[in-house]
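Quick notes on the structure that follows.
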Amino acid sequence: MLASTLLLACLAAAACGKPMARSMQVHETKETVPTDFELVGPAPPDTVLNLRLALVRGDLVGLEKVLMDVSTPSSPLYGQHLTKEEADAFMAPKPESVDAVNAWLKENDITVTKTSSAGDWLSFSIPVSKASDLLDAQFSVFNHTDSGKTMIRTLAYSIPSDLQGHLELIHPTVIFTRPLTGPAFKIAPRKNIQTPAVNRTSDAVPASCESEITPACLQALYGIPSTPASVPSNQLAVSGFIEQFANQQDLKSFLSEFRPDLPSSTTFSTQLLDGGENPQVISEAGIEADLDTQYTVGIASGVPTTFISVGEENQDDVDGFLDIIEFLLSLTNQPQVLTTSYGFNEPDLTSTMANNVCSAYMALGARGTSILFSSGDGGVSGSQSQRCTTFIPTFPSGCPFVTSVGATTNIAPEVAASFSSGGFSNIFAQPSYQASAVSTFLNALGSTNAGKFNPSGRAFPDISAQGENVVIAFQGEFGLVAGTSCSTPISASIISLINDQLAAQGKKPLGFLNPFLYSTGASAFTDVTSGNNPGCNTNGFSARVGWDPVTGLGTPNFAALRTAVGL
Ligand SMILES: *[C@@H]1O[C@H](CO)[C@@H](O)[C@H](O)[C@H]1NC(C)=O
Ligand SMILES: *[C@@H]1O[C@H](CO)[C@@H](O)[C@H](O)[C@H]1NC(C)=O
């Protein structure tokens with residue numbers, strides 16, 4: 001009885017010109033409402049959802065092979081990065097995928113409002129009622145109780161069975177991200193106000209660096225040159241999110257105090273995305289944005305630096321991450337280095353989305369961009385310290401196509417900073433470039449922390465740099481900050497300066513760093529062998545001889561890097 005009623009309903013729908021019901025298949029689910037979120041109630045049917053749809057990309061296997069070839073020093077193709085068109089050709093969905101998805105959208109009267117450069121992402125807007133029908137979903141309002149931020153999500157959605165293999169995912173649907181928070185640190189007063197000598201007569205690290213880190217400390221410690229870069233096409237980009245604004249006046253104060261040798265006009269340029277802004281009222285300056293611009297412009301002397309401010313005109317923070325990478329992939333001449341001091345806990349994303357974003361980093365890497373992310377500030381408990389029983393890896397650090405940066409403290413010798421996140425991805429398998437380094441570590445580790453992490457996952461961080469007692473100018477005053485947010489722009493600046501010297505000799509930029517770092521580059525890092533990163537009621541991992549999931553391969557040595565890259 002019931003069955004025949006259903007059949008009649010379907011026939012009636014067809015007779016009325018409605019699309020034939022397709023056989024649907026559940027595509028992605030979230031088993032339960034994640035902790036820290038609560039179901040408020042059904043989403044209002046006429047609320048418009050701005051959805052985006054990822055098509056399955058055409059040839060990611062081929063792209064990964066190219067990425068490894070152009071990034072591995074021993075390969076004959078090393079440095080032969082792809083052009084935008086070549087990378088787009090790998091990322092572009094197959095014509096049959098485009099046709100199948102477009103036919104489905106058309107029969108549902110859905111108009112695509114935006115298509116990404118490679119055609120792998122489509123955007124469209126439809127009301128909740130239509131989205132619920134289209135995807136057999138129950139869109140509801142959920143509240144992130146810590147922040148009070150509400151969002152419309154569903155615990156499951158379906159797609160037509162015949163679109164499997166063509167349609168990768170629809171977002172936002174089942175991903176519940178905690179809003180990106182600013183840096184975990186607060187600004188503290190400087191411990192001493194003695195300005196370190198800029199004109200050093202020896203290579204010795206100034207004694208004041210034991211209590212506060214300035215550009216002069218980093219130049220002495222890592223051998224970073226103060227001579228300005230000379231190649232204008234060599235660019236460094238700094239990601240900005242969550243209305244963290246980078247202040248030009250704070251940068252000016254910082255440079256006049258710590259880099260009086262640079263021209264007084266030295267600054268960064270600004271790129272706005274998603275309705276982003278970068279207001280210059282001093283009270284709107286953000287710690288993270290000030291830190292990130294001061295430790296790029298102030299370390300990568302003379303390298304043209306762009307602060308990319310991603311605004312709030314996107315559905316959630318994942319969209320902001322997608323939009324910045326999509327923007328960079330749309331440029332013909334993209335920056336050679338990208339530094340980002342934001343991230344997620346890996347479990348907050350689905351593995352489908354994590355893979356999708358990670359593949360976009362693969363494309364940018366294949367084009368010759370070095371992508372650096374901070375590893376997180378919660379030790380083994382994730383991006384910030386939180387309760388946990390098993391270790392929480394962070395994203396994008398767990399993506400094998402980015403370089404993850406941990407943090408150190410102290411000078412002689414450097415030791416791991418206790419907040420320096422590191423560990424093993426539960427989504428991404430261990431890439432071959434790090435197999436030997438990681439197996440040496442795991443053998444030495446024995447059964448410590450067994451069961452709390454995935455020993456066959458992509459291990460991070462890859463490298464580290466200073467991350468405590470770092471002096472910044474913030475809202476007109478100097479203060480000290482800490483975090484992998486410090487070590488990441490510092491490391492990115494060093495790579496940019498190496499790229500400048502390579503470019504000056506007509507050589508290619510370093511591009512995706514990891515295959516180099518774990519091979520001919522390893523000797524250019526000073527091994528950090530003490531300290532640990534506690535979390536989840538454990539002591540975390542310990543730094544030890546060789547690579548470890550607290551400080552990676554160690555901290556950079558500029559002269560050794562020059563030698564390693566053949567300068
Ligand atoms: C979300 O949760 C917070 C904290 O419990 C509460 O104050 C707020 O009213 C909630 N918002 C909604 C829309 O339920
Ligand atoms: C650096 O210090 C030396 C020795 O005190 C001095 O001769 C030189 O002029 C100084 N250079 C600059 C650029 O101030």
Side-chain angles (χ1 to χ4, degrees), residues 28-52 123-157 169-186 240-245 274-277 283-284 286-288 310-323 342-350 353-354 376-379 381-390 392 394-395 419 483 535-537:
E28 288 194 282
T29 57
K30 191 100 202 166
E31 273 162 28
T32 55
V33 179
T35 36
D36 307 339
F37 289 86
E38 65 181 18
L39 175 65
V40 178
D46 47 6
T47 299
V48 172
L49 295 178
N50 299 318
L51 296 175
R52 51 179 89 194
S123 302
F124 57 91
S125 300
I126 53 175
V128 162
S129 53
K130 185 162 184 165
S132 300
D133 286 350
L134 184 73
L135 304 172
D136 276 355
Q138 198 170 2
F139 282 96
S140 308
V141 177
F142 294 89
N143 185 12
H144 178 250
T145 49
D146 284 354
S147 63
K149 194 172 165 182
T150 60
M151 55 192 76
I152 295 176
R153 294 291 187 274
T154 175
L155 292 175
Y157 70 96
L169 67 94
I170 295 176
H171 178 78
T173 50
V174 295
I175 293 179
F176 295 71
T177 44
R178 281 145 250 270
L180 278 183
T181 45
F185 51 76
K186 292 256 186 304
F241 295 102
I242 56 166
E243 304 195 315
Q244 277 272 334
F245 304 128
D274 289 345
E277 304 171 284
S283 61
E284 294 217 48
I287 296 179
E288 180 70 71
V310 183
E312 302 288 300
E313 273 173 25
N314 47 55
Q315 297 292 291
D316 66 4
D317 301 316
V318 179
D319 285 348
F321 268 57
L322 286 168
D323 286 342
Y342 299 85
F344 302 96
N345 284 334
E346 193 180 79
D348 285 359
L349 298 182
T350 58
M353 179 60 93
D377 295 341
S381 81
S383 60
Q384 298 191 2
S385 40
Q386 48 232 309
R387 267 177 290 151
C388 39
T389 48
T390 55
I392 303 178
T394 60
F395 182 84
F419 55 75
C536 309
N537 288 317

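When a ligand or atom number is given, it counts from 1 through the structure's own listing order. Numbering of residues begins at 1 and proceeds along the displayed sequence.
- Side-chain contact between Val33 and Phe142 is present, with at least one heavy-atom pair separated by less than 4.5 Å.
- In this structure, atom 2 (O) of ligand 1 has a protein heavy-atom contact shorter than 4.0 Å.
- Using a 4.5 Å heavy-atom threshold, the side chains of Phe37 and Thr32 count as separate.
- Among all protein heavy atoms, the one lying closest to atom 14 (O) of ligand 1 is Asn143 ND2, 3.4 Å.
- Here the protein heavy atom with the shortest distance to atom 4 (C) of ligand 1 is Thr145 O, 3.5 Å.
- Once rounded to the nearest 0.5 Å, the distance linking CG of Asp319 with CD of Glu312 reads 11.5 Å.
- Protein heavy atom at the shortest distance from atom 13 (C) of ligand 1 is Thr150 CG2, 3.8 Å.
- We find the CD-CE distance between Glu28 and Met353 to be 8.0 Å, quoted to the nearest 0.5 Å.
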